[in-house]
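These notes concern the structure reproduced below.
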Amino acid sequence: MLRSITRHAVRDRLDALAEAPIHIPAARSEMRAIPGMQFHVAPELFLQLSGETRFTFPGEEQVVGPGGICIVPRGVPHGERVRALESPFANLVFLPESTLRFHLAHEKRPGHPGGVIGDWLDGIAESCAFLLTEAVRQWHSDHPAGKTGARGALAAVFAGLLAALERQESVAPPEPVRVMQARQQILLHLHDPGLTVASLAGRLRCSAGHLSRLFRKAGGVSLQTYLLEQRLSRACDLLKATPMNIAEISYASGFRDPAYFARAFRQWAGCTPREFRRRSVPEN
């Protein structure tokens with residue numbers, strides 16, 4: 001059902017793109033946590049379906065209403081407050097990191113968004129991240145055709161999303177709802193060291209054993225291993241894209257103990273976090 005909702009919403013935005021309200025903050029990438037805000041190492045795309053989202057960025061706010069589009073540039077800290085208007089709040093959120101994740105959000109508690117269910121699309125994360133970054137650049141450029149260029153980049157994003165949705169629907173059945181919800185909770189709360197298999201099961205109101213069996217059957221890997229690998233993958237992104245020190249990256253990736261993080265990283269990547277950063281970041 002989520003893929004169908006997403007396909008129709010993306011198609012509607014593509015058809016109305018010439019007139020759609022677009023919101024892109026001018027705030028700079030900080031790649032650091034600010035109390036009450038989060039940041040990502042890839043740009044984030046929001047499609048407002050109904051209700052309203054008030055985004056807070058360092059030094060500015062943007063209010064996105066029904067039919068609006070918001071791109072949060074990579075590394076820009078942001079907070080969100082939501083509310084219903086004539087209809088309840090709902091938006092679609094796309095995050096192209098190692099794979100492109102998307103979810104449908106509703107008002108989980110007054111003023112706060114929460115993911116209802118999530119899914120992913122293979123093979124388009126890199127191109128979507130590039131095009132969204134290009135849209136940000138064009139939007140804030142001084143060129144007279146900058147706004148047109150930004151809308152063109154967004155049109156390419158939407159066309160890619162539609163093609164990927166149609167391709168994935170034709171070859172792969174959707175995962176069980178509990179598995180998709182687990183992936184979404186991991187995406188949203190990866191930085192929280194309290195996020196465990198047991199806490200995930202509690203959030204989804206099922207037993208840890210049942211959730212683990214469903215996840216292994218659907219994904220071919222244990223839920224515990226998947227959670228650890230997602231944290232380590234997030235750490236890789238932060239090592240490559242931010243100046244944060246190793247301890248800060250450890251905590252930002254959901255590890256309680258930097259020493260344990262370093263051991264787990266070395267076992268997984270075959271090198272220490274410092275060695276990985278040295279190999280991945282070109283010298284000036």
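Computed from a prediction, not measured in an experiment: that's the story for all the values here.
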Review point. Should Leu49 and His106 be marked as a side-chain contact (heavy atoms from CB on, under 4.5 Å) after you check the CA-CA gap, both sets of side-chain angles, and the distance that decides it?
Key: CA-CA 10 Å; Leu49 304 184; His106 72 308; over 6 Å; no
Review point. Thr272 and Phe265: side-chain contact (heavy atoms from CB on, under 4.5 Å), yes or no, with the steps?
Key: CA-CA 7 Å; Thr272 68; Phe265 190 94; 5.9 Å; no
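With hydrogens and angles ignored, the 3.5 Å screen pairs a side-chain donor or acceptor of Lys147 with a backbone N or O of Trp139. Under a 3.5 Å cut-off, the side chain of His78 and the backbone N or O of Gln38 do form a donor-acceptor pair. Counting only distance, with no hydrogens or angles, the side chain of Thr53 and the backbone of Val64 share no donor-acceptor pair below 3.5 Å. With Thr99 contributing its side chain and Leu121 its backbone, the two residues share a donor-acceptor pair below 3.5 Å. For the pair Glu60 (side chain) and Ala27 (backbone), a donor-acceptor distance under 3.5 Å is present. The main-chain N or O of Gly146 is never found under 3.5 Å from a side-chain atom of Ser141 such that the two would form a donor-acceptor pair. Between the side chain of His40 and the backbone N or O of Gly75, no donor-acceptor pair lies under 3.5 Å. Using a distance-only test at 3.5 Å, with no hydrogens or angles considered, no donor-acceptor pair links the side chain of Ser212 to the main chain of Gly209. A donor-acceptor pair under 3.5 Å is formed between the side chain of Arg277 and the backbone N or O of Leu239. Under the 3.5 Å distance criterion, the side-chain polar atoms of Arg101 are left unmatched by any main-chain donor or acceptor of Leu95.
Considering every non-hydrogen atom in both Tyr251 and Arg256, the closest pair reads CE2-O, 3.3 Å. Pro25 approaches Gln62 most closely through the heavy-atom pair CA-NE2, 3.7 Å. For Glu97 against Ala42, the heavy-atom pair with the smallest separation is CG-CB, 4.0 Å. Between Ala150 and Ala135, the shortest heavy-atom distance links the atoms CB-O, 3.4 Å. Minimum heavy-atom separation, Phe261 to Pro273: CE2-CG, 3.8 Å. Between Ala90 and Gln48, the closest heavy-atom pair is O-NE2, 3.8 Å.
Within the 4.5 Å cutoff, no side-chain heavy atoms of Phe158 are placed close to those of Arg11. No side-chain heavy atom of Pro43 sits less than 4.5 Å from a side-chain heavy atom of Val136. Using a 4.5 Å cut-off on side-chain heavy atoms (C-beta onward), Pro77 and Pro58 make contact. Looking only at side-chain heavy atoms (C-beta outward), Phe255 and Leu228 come within less than 4.5 Å of each other.
Remark: His143 NE2 to Thr148 OG1 distance equals 10.0 Å, nearest 0.5 Å. Note: Cys70 SG to Phe57 CZ = 4.5 Å, rounded to the nearest 0.5 Å. For the atom pair CG of Asp257 and CZ of Arg263, the computed distance is 6.5 Å after rounding to the nearest 0.5 Å. Note: Ile24 CD1 to Leu132 CG = 8.5 Å, rounded to the nearest 0.5 Å. Rounding to the nearest 0.5 Å gives a distance of 9.0 Å between CD1 of Ile124 and CZ of Phe94.
Hydrophobic clustering, with ILVMFWY side chains joined whenever heavy atoms are under 4.5 angstrom apart, groups Leu92 together with Leu161. When the side chains of ILVMFWY residues are joined at heavy-atom separations under 4.5 Å, either directly or via intervening members, Leu154 and Leu100 end up in a single hydrophobic cluster. Hydrophobic clustering (ILVMFWY, side-chain heavy atoms < 4.5 Å, transitive): Met37 and Leu238 are in distinct clusters. Phe89 and Leu2 fall into different hydrophobic clusters, defined by Ile, Leu, Val, Met, Phe, Trp and Tyr side-chain heavy atoms under 4.5 Å apart, directly or through other members. Under the 4.5 Å side-chain heavy-atom criterion for ILVMFWY residues, no single connected hydrophobic cluster contains both Phe55 and Leu47.
Under a cut-off of 6.0 angstrom, the local environment of NE2 in His8 is sparse, with at most 12 non-hydrogen atoms contributed by other residues, nucleotides or ligands. Within 6.0 Å of CD in Glu229 there are more than 12 heavy atoms belonging to other residues, nucleotides or ligands. Within a 6.0 Å sphere centred on CZ of Arg28, other residues, nucleotides and ligands contribute 12 heavy atoms or fewer.
With respect to the salt-bridge test (charged N to carboxylate O, under 4.0 angstrom), the residues Glu275 and Arg266 do not qualify.
Annotation for Leu214: hydrophobic cluster partners, listed by chain and number, are Val179, Ile186, Leu190, Leu195, Val197, Leu200, Leu204, Leu211, Phe215, Val221, Leu223, Tyr226, Leu227 (ILVMFWY side-chain heavy atoms under 4.5 Å, direct or chained).
With Arg81 as reference, His112 is the one residue of Glu52, His112, Glu61 to meet the side-chain hydrogen bond (donor to acceptor under 3.5 Å, both in side chains) rule.
One side chain, Glu134 or Gln138, offers a donor N or O that lies under 3.5 Å from an acceptor on the other.
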